[in-house]
Amino acid sequence: MKSLFLPNGRLPRTMFALMAAAQGALLLLLWLLYPLRLFPSLGDVLRALADMVTTQGLIQELWASMTTALQALGVATVLALLISYLTALPFFRPLAYAASKMRYLTLTGLTFFMALMVSSGHEVKLSVLIFATTVYLVTGMTRVILTTTQQEMDHARTLGLGEWRSFWEVVVLGKLAEMLEVVRQNFAIIWTMITLVETLYQSEGGIGLLLYKQNRYLHLDGVVAIQLVILAAGAAQDYLFSLLRRMFFPYAELAAVQ
């Protein structure tokens, strides 16, 4: 039990699962028994969830949003990797620097210009999501590349590798696990943004539009139900990314603090 309150303490997997289940049960009890009714009751939320699944197509709307989010993530990842790897060439470093600073731009107003550049509501949604995700991914990925040490590059050179081959082996292949972690951490940005863009462009529906309608008519039980669905989907995605990282880059765990 002492390890529960020790810095950097490590618990057996079973004990950690029990501890997490106990904390989850405590939160559930607080929700059920807390006298100040800030949130709808659990029963109301469950009824709203069942109603939205059976009559409002919650699963279909979630799938529509999920496919849009994955499309945006795929394109944004390719763009961000390209921009980040180009920082190896001094000529392109200002481009990565400018892209990373663009994360301070607000999307209000930018959506108008994006609407002028593309021809459909779906493309506008994708453009907004791709832009917002790319600027954050570039920031994280360039930071990963900058962690490459001189010793790592010198080690590759002593093996007889040229500059481009050293870059490929050390930076591109050697940092793939960290790049995947950056993608995992930034996937949440898409879920934050997608509720906004689906509200602005309602032609294709989506869980963001469903959330907007519930909020507009003060169906708070429905709002909480949708938020819990989004939370569960995000947690499942996080787990999937972690699983892929352990599967394809098992050596990456060796660098973690033991």
Side-chain angles (χ1 to χ4, degrees), residues 52 56-84 95-96 98-144 179-216 219-220 222-242:
M52 283 188 288
Q56 301 184 48
L58 174 62
I59 302 301
Q60 292 88 334
E61 302 294 357
L62 177 63
W63 178 249
S65 297
M66 181 80 76
T67 52
T68 303
L70 288 174
Q71 276 183 282
L73 182 70
V75 177
T77 300
V78 172
L79 285 175
L81 282 173
L82 182 63
I83 295 171
S84 303
L95 174 64
S100 67
K101 297 307 175 192
M102 285 182 186
R103 69 187 190 279
Y104 291 105
L105 292 176
T106 63
L107 294 176
T108 304
L110 287 180
T111 53
F112 174 75
F113 294 104
M114 291 176 181
L116 292 179
M117 290 188 289
V118 296
S119 57
S120 69
H122 179 71
E123 291 175 350
V124 176
K125 286 198 299 185
L126 271 182
S127 303
V128 172
L129 293 174
I130 289 168
F131 173 81
T133 311
T134 301
V135 293
Y136 279 93
L137 284 176
V138 167
T139 304
M141 289 176 174
T142 50
R143 179 56 54 187
V144 168
M179 293 297 188
L180 183 61
E181 178 63 16
V182 172
V183 173
R184 183 187 72 81
Q185 292 177 5
N186 286 276
F187 200 176
I189 294 169
I190 293 184
W191 281 107
T192 305
M193 297 297 304
I194 201 166
T195 52
L196 169 66
V197 296
E198 285 177 344
T199 303
L200 293 174
Y201 298 93
Q202 304 181 358
S203 58
E204 294 181 318
I207 200 165
L209 179 59
L210 195 57
L211 179 61
Y212 169 74
K213 289 178 178 176
Q214 297 295 317
N215 192 54
R216 182 179 181 183
H219 296 163
L220 299 183
V223 171
V224 175
I226 293 175
Q227 294 284 13
L228 290 177
V229 168
I230 294 175
L231 182 64
Q237 287 174 184
D238 260 358
Y239 177 76
L240 180 60
F241 271 96
S242 299

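The shown structure was predicted, so the numbers you read here are calculated from the model rather than taken from an experiment.
The shortest non-hydrogen separation linking A72 to L126 is N-CD2, 3.8 Å. Minimum heavy-atom separation, R103 to Y136: O-OH, 3.7 Å. When all heavy atoms of G206 and E61 are compared, the pair lying nearest together is N-OE1, 2.6 Å. Of all non-hydrogen atoms in I189 and A132, the two that sit nearest each other are CG2-O, 4.4 Å. Nearest heavy atoms, K125 versus G205: NZ-O, 4.2 Å. Here the closest heavy-atom approach between residue G208 and residue E198 is recorded as N-OE1, 2.6 Å.
Here the CD atom belonging to Q237 is positioned 11.5 Å from the OG atom belonging to S242, to the nearest 0.5 angstrom. Distance check: M66 CE to W191 CH2 gives 4.5 Å after rounding to the nearest 0.5 Å. Note that CD1 of I230 is 8.0 Å distant from CG of L62, once rounded to the nearest 0.5 Å. Atom CD1 of I83 is separated from atom OG1 of T142 by 10.0 Å, given to the nearest 0.5 angstrom. Atom CD in Q214 sits 5.0 Å away from atom CD1 in I226 (nearest 0.5 Å). Atom OG1 of residue T68 and atom CD1 of residue I194 lie 5.0 Å apart, to the nearest 0.5 angstrom.
Using a 4.5 Å cut-off on side-chain heavy atoms (C-beta onward), M179 and L137 make no contact.
The backbone N or O of V182 sits less than 3.5 Å from a side-chain atom of N186, completing a donor-acceptor pair. A distance-only check finds no donor-acceptor pair linking the side chain of T133 to the backbone of I130 [under 3.5 Å]. A donor-acceptor contact shorter than 3.5 Å is absent between the side chain of S84 and the backbone of M141.
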**OP:** Please step through side chain to side chain contact (heavy atoms under 4.5 Å, CB included) for the pair V128 and F131, ending with a clear verdict.
**Re:** CA-CA 5 Å; V128 172; F131 173 81; 6.0 Å; no
Original post:
side chain to side chain contact (heavy atoms under 4.5 Å, CB included) between Q71 and H122: does it pass, once the steps are laid out?
Top reply: CA-CA 11 Å; Q71 276 183 282; H122 179 71; 3.5 Å; yes
**OP:** Step by step, work out the side chain to side chain contact (heavy atoms under 4.5 Å, CB included) result for F112 and V124.
**Re:** CA-CA 9 Å; F112 174 75; V124 176; over 6 Å; no
Subject >> Worked verdict on L180 versus F241 for side chain to side chain contact (heavy atoms under 4.5 Å, CB included) >> reply: CA-CA 8 Å; L180 183 61; F241 271 96; 3.7 Å; yes
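Checked options V224, I59, I207; the residue passing with V229 is I207 (criterion: side-chain contact (heavy atoms from CB on, under 4.5 Å)). For the side-chain contact (heavy atoms from CB on, under 4.5 Å) with V75, the qualifying choice from L79, V78, T77 is L79, the only one to do so.
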